[in-house]
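In what follows, a single structure is set out as structure tokens and then discussed.
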Amino acid sequence: MDMDYAHFMVTQGRKEKDNSVPSSPSSDAYKRLLAETLNLNRTRILAFKNKPPVPVELIPHQHTSSASSTTHQAKPSKPRRHIPQVTQTSERTLDAPDLLDDFYLNLLDWGSSNVLAIALGSTVYLWDASDGSTSELVTVDEEHGPVTSVNWAPDGRHIAIGLNNSEVQLWDSASNKQLRTLKGGHRCRVGSLAWNDNILTTGGMDGRIINNDVRVRDHIVETYRGHTQEVCGLKWSASGKQLASGGNDNLVHIWDRSVASSNSPTQYLHRLEDHTSAVKALAWCPFQSNLLASGGGGGDRTIKFWNTHTGACLNSVDTGSQVCALLWNKNERELLSSHGFTQNQLTLWKYPSMVKTAELTGHTSRVLFLAQSPDGCTVASAAGDETLRFWNVFGDPNEAAKKSAPKKNQEPFAWANRIR
């Protein structure tokens with residue numbers, strides 16, 4: 001739209017037509033040439049036009065670029081992480097027959113020794129990620145089983161196994177020997193476990209949360225009472241000072257280790273009541289110690305973020321489906337969630353914008369369990385379709401190995417031949 005030309009045609013152009021006087025042929029030819037040169041032969045104001053001509057550079061580009069580079073150095077921008085299409089399909093798929101399709105259990109964990117533990121029915125299997133070998137750790141008796149939870153100790157050698165009969169077994173995976181059985185803490189199945197150094201925290205269908213010191217005979221050292229239904233999510237913060245618990249009563253509790261008492265049930269620090277369905281998915285942020293993410297079940301479908309110092313809800317995002325598990329990326333500000341009906345997908349979110357970065361599909365039933373490799377790159381997912389899938393969603397394991405490899409301190413003149 002050329003408003004100047006429009007105004008001219010409405011006013012002056014009309015006057016020229018009304019006050020026209022006879023002119024010579026040479027004068028008319030001159031006017032036509034002038035009109036073509038100045039692009040005045042236009043009859044439509046709103047019209048589609050060709051692309052404008054490329055502007056002529058008054059100063060050669062090489063001079064401007066060299067001058068600007070010497071006077072001002074542009075701040076390099078961080079490249080946007082690209083999720084290749086190949087990572088949006090699983091790297092490997094393993095059969096997991098007899099995997100219980102139970103939202104409230106925790107049947108998958110990846111230890112610091114790079115061994116994955118998965119409970120299938122009454123048997124716990126170990127899959128060594130370094131060589132792909134599989135071994136059976138234990139098959140519990142029918143009156144004790146099935147297995148309802150597994151969790152590796154920080155050393156990557158010892159593993160806790162929660163059972164349907166309310167007991168918890170401790171095993172040494174290196175020698176395949178049972179070390180002890182923890183009894184008397186719960187009245188029902190133990191569906192959630194979480195280690196904090198030598199303390200094993202157990203959550204049961206009875207609503208109780210118990211801290212067990214595995215080094216002493218009388219192992220029950222603290223009891224947390226706040227949930228009225230099954231405790232299905234337990235996660236200690238990286239500092240070991242705060243415990244987050246989620247239950248089938250739609251509640252999230254934050255417990256402070258410093259105020260724990262062995263004489264009486266410990267009072268929670270915060271009681272978070274914003275979810276409207278069971279909360280199993282819990283994940284502490286690796287780059288902000290007081291930030292907790294929680295996910296609600298099928299009647300809630302939200303991921304919520306909490307400041308655990310104040311108890312304030314910082315954000316809530318409707319995911320559209322049941323949130324079964326959550327994992328933070330250790331290297332980037334990203335969060336991975338696994339879901340149920342209708343897509344049974346894994347969703348990668350950018351934090352804090354919560355923009356979807358990728359969706360990983362392949363499971364045909366709800367993705368109940370997630371576990372992260374020690375290097376932080378690979379995620380294992382287990383679903384009700386009885387498959388175990390592996391995704392390199394958080395980066396390339398080979399690149400991570402290069403970054404984590406210690407640099408060799410070469411001696412002076414190490415390149416020279418030595419004479420001995």
Does [X] [atom1] have over 12 foreign heavy atoms under 6.0 Å away?
X	atom1	result
Arg180	CZ	yes
Asp131	CG	yes
Glu143	CD	yes
Asp218	CG	no

Any donor-acceptor pair under 3.5 Å linking the side chain of [X] with the backbone of [Y]?
X	Y	result
Arg257	Leu243	no
Asp385	His363	no
Ser149	Val190	yes
Ser112	Pro154	yes
Asn106	Cys232	yes

Determine the interplanar angle of the Tyr351 and Phe287 rings, folded into 0 to 90°, and report it as parallel if under 30°, tilted if 30 to 60°, perpendicular if over 60°.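 The rings of Tyr351 and Phe287 sit tilted, inter-plane angle from 30° to 60°.
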Which of parallel (below 30°), tilted (30 to 60°) and perpendicular (above 60°) describes Trp127 and Trp110?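 Judged by the thresholds at 30° and 60°, the geometry between Trp127 and Trp110 is perpendicular.
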Atom pair [atom1] ([X]) and [atom2] ([Y]), whose distance is rounded to the nearest 0.5 Å:
X	Y	atom1	atom2	answer
Asn165	Glu142	CG	CD	12.5 Å
Asn248	Gln229	CG	CD	4.5 Å
Arg389	Thr361	CZ	OG1	9.0 Å

Side-chain touch [X]/[Y], heavy atoms, less than 4.5 angstrom:
X	Y	answer
Val115	Ser173	no
Ile161	Val138	yes
Val168	Leu163	no
Glu359	Gln343	yes
Leu346	Leu370	yes

Flag for Ser239-Gln242: side-chain donor and acceptor within less than 3.5 Å: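 On atom types as modelled, these side chains do not qualify, holding no pair under 3.5 Å.
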Will you find, in the side chains of Trp255 and Ser245, an N or O donor that is under 3.5 Å from an N or O acceptor?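 Yes, because at least one side-chain N or O of Trp255 sits under 3.5 Å from a partner of the opposite role on Ser245.
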Ring centre gap for Trp328 and Phe394 strictly below 6.0 Å: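 They do not qualify: ring centres at least 6.0 Å apart.
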Give a yes or no on whether the ring-centroid distance for His253 and His227 is below 6.0 angstrom.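 Yes, the ring centres sit under 6.0 Å apart.
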Should the pair Asp256-Lys241 be classified as a salt bridge under the 4.0 Å nitrogen-to-oxygen rule?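 Between Lys241 and Asp256 there is no salt bridge, as every charged N stays at least 4.0 Å from the carboxylate O atoms.
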If the threshold is 4.0 Å, N to carboxylate O, is there a salt bridge linking Asp102 and Arg189?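 Yes, this pair counts.
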Can a cation-pi geometry be assigned to Lys280 and Tyr104, taking NZ or CZ under 6.0 Å from the six-membered ring centre and within 45° of the ring axis?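 Relative to the ring axis of Tyr104, which defines the angle, Lys280 lies outside at least one limit.
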Arg366: what forms a salt bridge (Lys or Arg N to Asp or Glu O under 4.0 Å) with it, not counting sequence neighbours?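 If we apply the salt bridge (Lys or Arg N to Asp or Glu O under 4.0 Å) test to Arg366, skipping adjacent residues, the hits are Asp101.
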Test side chain to side chain contact (heavy atoms under 4.5 Å, CB included) on Trp284 and Trp236; report intermediate values, then the result. CA-CA 8 Å; Trp284 290 92; Trp236 280 100; 5.7 Å; no
